[in-house]
Amino acid sequence: MTAEEFVAALDADNQLRLRALEPDATLTPEIDGPLNVPNLLKVALKNEIEATEIAARWLVTTDDVQVKLALARQVGDEARHYRLIAERLGTLGIDAGGLDPLAGGFGPLFTYLDGLATTVERVAAGQFTREAIAVVKNRQFIAFCERVGDKDTAALYRDTIEPDERFHHELGRRLLLRLAVAPEAQAAATAAARRTLELADELQKKALATAGIHHAPGC
Ligand SMILES: [Fe+2]
Ligand SMILES: [Fe+2]
């Protein structure tokens, strides 16, 4: 398979599997109890700091200048998302300066990504797939914000955060076109993308079971 054919096939496979993350078929949106915008934004803070940190770790461990620059851009974007979300929480009456989203340690998806050794796996998992998941989750979160009447949070995600996450996904696509050429590289990229989707699915099921959360934004 050429790199173009491979990336198109991986994208199609990801999109198919991503439908499992879309809750509409099996889940009824639930807005009672602890499920509210501020609590979901706190989940988002953790996702954003983890996305910042993994991109930073990968930046310093690659020799590929194009990959370094893509990751540098992502580090800046994810850190900016963190700040924007913290500011939004402040407007909603919650002092995010007093929160430490990493107090409980890094999550399982971060730990998995941190263990990936090759650039092609990292790009397939961390940018091409994780950011495709973010696009789906953010779309769900925007719909949730609109349902509960929080237009400002919906606008923050629709106008600023979501376009960045889409861009990160496209960066992943561009890098994969260059890196996923050999059959071994393509096989490694596929396995990393699958595992990322499995972990996201497991995490979503766990969040749903423990906290009733199924609209948490991604990054
Ligand atoms: Fe982000
Ligand atoms: Fe992102």
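Ligands are counted one by one from 1 in listed order, and the atoms in each one are counted from 1 as well.
- The nearest N/O/S atom of Glu78 to the Fe ion (ligand 1) is OE1.
- Contact annotation: Asp164 places no N, O or S atom under 2.8 Å from the Fe ion (ligand 1).
- His81 lies close to the Fe ion (ligand 1), since one of its N, O or S atoms is found at a distance under 2.8 Å.
- Of the candidates Leu175, Leu113, Thr61, Arg122 forms a side-chain contact (heavy atoms from CB on, under 4.5 Å) with just one, namely Thr61.
- Geometry note: the Fe ion (ligand 1) is the vertex, Glu48 OE1 and Glu165 OE2 are the arms, and the angle is 140° (rounded to 10 degrees).
- The minimum distance between the Fe ion (ligand 2) and any N, O or S atom of His168 involves atom ND1.
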Fill in: Trace of the side-chain hydrogen bond (donor to acceptor under 3.5 Å, both in side chains) decision for Thr196 with Arg130
CA-CA 7 Å; Thr196 300; Arg130 188 181 198 235; over 6 Å; no
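- With sequence neighbours left out, Glu184 forms a salt bridge (charged side-chain N to carboxylate O under 4.0 Å, His left out) with no residue at all.
- Using bins of under 30°, 30° to 60° and over 60° for the plane-to-plane angle, the ring pair His168/His81 lands in the tilted bin.
- Among residues two or more places apart in sequence or in another chain, the salt bridge (charged side-chain N to carboxylate O under 4.0 Å, His left out) test is passed with Arg195 by Glu198, Glu202.
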